[in-house]
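Protein chains get the first letters and strands the later ones, always in sequence-line order, with residue 1 at the start of each.
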Amino acid sequence: MSATSSTAPPDTCDVLVYGSGLVESIAAAALAWQGTNVLHLDDNPYYGGLWASLNLEELKTWTDKINNPTANDTPFSNAYLYISRNLDPRKYAIDISPHVLFTRSDLLNLLIQSRVSRYLEFKPLGSFHTFEQDSFEKVPGSKEDIFTSQNLTLLTKRSLMRFMKFVVIWDETPDVWLEYKGKPISSFLKDKFSLDQPQIVELVHSIALLPSLSSPTELALDRIKRYLTSMQVYGNFPAMYSMYGSGGEIAQGFCRSAAVAGAVYRLGTKLSRFDDESGVAVLENGEKIKVTEKLITSHGLVPGDQEITRMVAVVEKDCKEWFAEGESAAIVVFPSDTLDGNRYAVQALVLGSGSGQVPTGQAVWYLSTQESGEQGRKDLFLALEKMEESILRESTEDFEFDVSEEDIAYLPNGMPVVSSVRLGESLRNFTPKESLKYLLKLTYTQKVTVAPQQNPSSKTIYVPAPSIDIVYDGILSQAQAVYESVTGTVEDFFDVDFEDEDDDATATGNPPDTSIRDVADMDDENLGDHQDFDEEVAGEMTI
Amino acid sequence: MHSVKRVRTTAEAQAAKKRKEASKIIEYNALVERVGGSRKNEEYSSTALQLTTTLLKMNPEFYTIWNYRREILLHIFQSLPPAEITARLDSELDFLFSRLREFPKCYWIWNHRRWCLNTSPAPDYARELKLVTMMLERDARNFHGWQYRRGIVACLESRDDEKMKWDRSEFEYTTAKINNDFSNFSAWHNRTKLIPRLVKEDPELDARELLKKEIYLITQAIYTDPDDQSVWLYHRWLVTSSDIVALSIAERTALLHQEITSISELLAVEPDSKWCLHSLAFYKNFLADLTGQEIDKSVGEYLEKLETIDPMRRKRYQDWRARISL
């Protein structure tokens with residue numbers, strides 16, 4: 001893609017896009033395919049803007065930049081960075097706004113429809129854990145999980161299943177929930193489905209990935225449904241992530257698509273001024289560009305009230321204990337009130353080397369909370385400590401539990417289980433023989449930003465900074481809103497006929513096998529045994 | 001249904017499809033005539049065999065042709081040494097495998113496969129077990145696969161000194177399948193076949209303990225999904241049959257009371273559950289028959305309720321009610 005950036009810019013363009021974050025990049029691609037003449041700039045030497053994933057050199061520069069902002073133009077602040085010596089900077093891709101993609105989501109549909117998914121590699125994320133009684137419990141997110149769970153009582157199993165059957169049709173049965181609209185989901189689950197606190201916590205924090213139990217009922221129901229219906233779309237996992245970085249990689253994919261449609265790209269190019277009246281943009285090097293329609297920019301936003309505290313830690317452990325077989329990712333949620341009175345849940349996305357973000361034998365932990373300031377950092381450090389203890393314990397094979405015979409119960413299949421209360425106690429007393437080596441630690445604050453007050457006839461369209469949510473909800477509608485304010489309609493948004501290339505992908509809405517490459521590879525791995533068998537007995541057939 | 005591609009059906013595409021089908025039908029009918037003729041003429045050549053291959057690829061349900069194919073093969077085998085017969089049957093199995101992948105629920109393909117193994121001088125049962133494991137991986141509820149699996153395991157077992165290990169590992173296999181998705185009549189059914197054998201083979205095994213564990217397991221399933229018929233069927237086998245252990249009347253009565261209590265608790269939270277009501281009526285009826293005591297009045301209420309929530313079987317419930325005069 002560097003080829004396009006060396007092309008001389010036109011002195012006029014219909015739309016100037018400044019910033020290559022996810023929303024702007026989707027909008028740029030949609031506009032380019034619609035026939036708009038797009039010039040796309042980014043002041044950084046890399047794609048992704050506020051969504052970028054950075055190598056260690058870029059990360060150092062980024063840290064300096066956000067700690068010494070030239071103007072009020074970054075939602076990030078208060079960065080503390082530690083990097084261990086002797087790391088190869090190019091072997092890391094640190095995601096500054098990490099996100100995961102549910103297999104049923106508007107963004108994934110667009111990725112497939114626009115064929116941008118072909119530029120990307122996705123990997124499965126099937127492991128969701130909740131931190132309970134000092135251990136990480138797997139979230140029961142399916143009928144099979146509920147059936148086989150050893151921790152749930154019979155009546156809880158029944159209540160949970162009743163809820164799960166309801167939630168997949170919640171939007172068709174408003175009589176059940178309408179009176180709880182805007183009210184806390186926890187009350188709804190308790191009153192209407194007699195669910196107990198541990199199940200409410202798992203459903204809201206780990207399945208819906210919401211930071212607070214008092215999130216509005218309709219929002220939580222929608223997100224729980226999304227989790228459940230995302231299962232089994234491509235395999236036994238509800239979510240995926242793009243390799244080498246999340247939103248930034250996807251943004252780059254859309255930029256590539258835009259370039260195919262004729263958009264012109266220039267990285268490392270700063271926009272100095274834009275005259276909203278005349279539509280003249282002046283670049284840092286003095287070049288002038290006449291913008292006939294609109295400027296779409298992610299710069300110049302005003303910080304709002306809400307903020308999120310983030311932490312990134314790279315550890316010298318593969319963390320495979322937390323991953324499902326064949327996977328390289330997990331989500332761990334620390335519910336509210338599990339870390340010395342934390343008000344909001346702490347979410348942690350754990351990625352192993354299979355993500356392409358860290359070298360073999362290492363993992364990167366992305367922690368975040370909606371708690372702000374010192375308290376936010378304190379919550380994250382406590383969560384980090386718990387994760388450290390847990391991974392050391394789980395990866396230490398000769399660890400002996402301090403439990404006696406009466407703490408052990410036997411399941412019908414003869415498997416011994418330790419009472420979890422006692423287990424929690426003995427885990428608290430566990431002192432690891434080794435310590436965990438941190439290769440990188442970064443903490444920073446991210447503010448929600450809002451567009452500044454502006455004249456309705458203005459030529460400038462502001463694009464909001466990445467949401468503080470770990471899912472891509474709302475991204476597509478933001479991009480569509482930008483598109484609409486340029487073209488006046490969203491009806492032809494990415495209405496592109498790709499049929500000249502390959503017939504079956506865009507028309508069906510089903511992904512072509514090649515687009516979800518890694519997921520497809522993984523399926524083959526799961527069938528590995530059978531494939532051998534195929535070769536043996538039926539050379540003529542292929543799966 | 002995901003992973004199935006939607007085919008666009010324009011009028012033009014449909015017409016093209018029709019034309020294509022028409023020529024296929026002509027081709028098929030000609031082939032049927034030809035194969036029928038060669039069977040009448042008692043042709044047992046390789047050419048005749050090849051014709052059945054083509055025809056069976058088009059229509060694997062045509063069992064007469066499978067019969068003819070076996071006649072041809074047996075004829076050819078008469079002049080072959082055992083090693084070559086084995087080789088020929090191996091390629092036959094390859095052919096069948098490709099057919100099974102396309103038609104996993106066709107009786108005649110499974111039947112022919114069984115014949116190949118019975119006919120082979122050196123059948124490879126281990127390979128067959130691998131095959132059927134794969135077929136059940138693709139569809140865990142394919143009862144043809146389960147039936148075939150039982151046959152293969154019986155052959156492997158009869159050739160093994162450690163006979164018990166097969167029933168044990170098959171028992172584990174059904175557990176794994178059930179944990180994956182318990183809505184599986186075949187897996188539960190296989191358990192009803194395996195458990196009596198396990199109990200018979202292993203004098204160390206405490207049958208009462210095993211029954212208890214199975215009841216625990218099925219109760220988890222019943223509470224997880226009371227609308228699933230397969231779990232109730234297995235539950236009924238556990239509670240009423242003497243296949244696992246011959247309980248005394250007192251023990252059986254206690255078991256029935258225990259299960260009636262458990263299902264009543266479920267009914268309290270699922271008052272409209274057809275299978276809860278049905279099972280309670282059945283077990284209370286069964287209990288009365290067993291003890292010679294009067295049938296519980298609530299059975300009449302259950303049946304009355306079933307008439308309204310399951311109107312398709314209204315007459316059946318009425319008949320039942322009349323029989324027990326409630």
Toward chain A, the part of [X] with a non-hydrogen atom under 4.5 Å:
X        : answer
B/Asp124 : neither
B/Thr219 : both
B/Glu270 : side chain
B/Leu210 : neither

Item checked: Option from B/Arg113, B/Arg114, B/Arg149 for which salt bridge (charged side-chain N to carboxylate O under 4.0 Å, His left out) with B/Glu128 holds ->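 Result for salt bridge (charged side-chain N to carboxylate O under 4.0 Å, His left out) with B/Glu128: B/Arg113.
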Next item on the list: Identify whether the distance between the nearest side-chain nitrogen and carboxylate oxygen of B/Asp206 and B/Lys212 falls below 4.0 Å.
Entry: no
Notebook entry, point to check: Does the distance from a Lys or Arg side-chain N to an Asp or Glu carboxylate O, for A/Glu179 and A/Lys192, drop under 4.0 Å?
Noted result: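 Salt bridge flag = yes for A/Lys192 with A/Glu179.
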Margin query: For the CZ atom of B/Arg69 and the OG1 atom of B/Thr53, what is their distance to the nearest 0.5 Å?
Written below: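 Nearest 0.5 Å value for the CZ-OG1 distance: 3.5 Å.
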Margin query: Let me confirm one number: the CZ-CG distance from A/Phe102 to A/Leu108, rounded to the nearest 0.5 Å.
Written below: 12.0 Å
Margin query: Quick check on the interface: out of A/Ile146, A/Leu152, A/Leu154, who has the most heavy-atom pairs with chain B under 4.5 Å?
Written below: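 The residue among A/Ile146, A/Leu152, A/Leu154 with the greatest pair count is A/Leu154.
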Item checked: Residue A/Leu160 versus chain B: region with a heavy atom under 4.5 Å -> neither
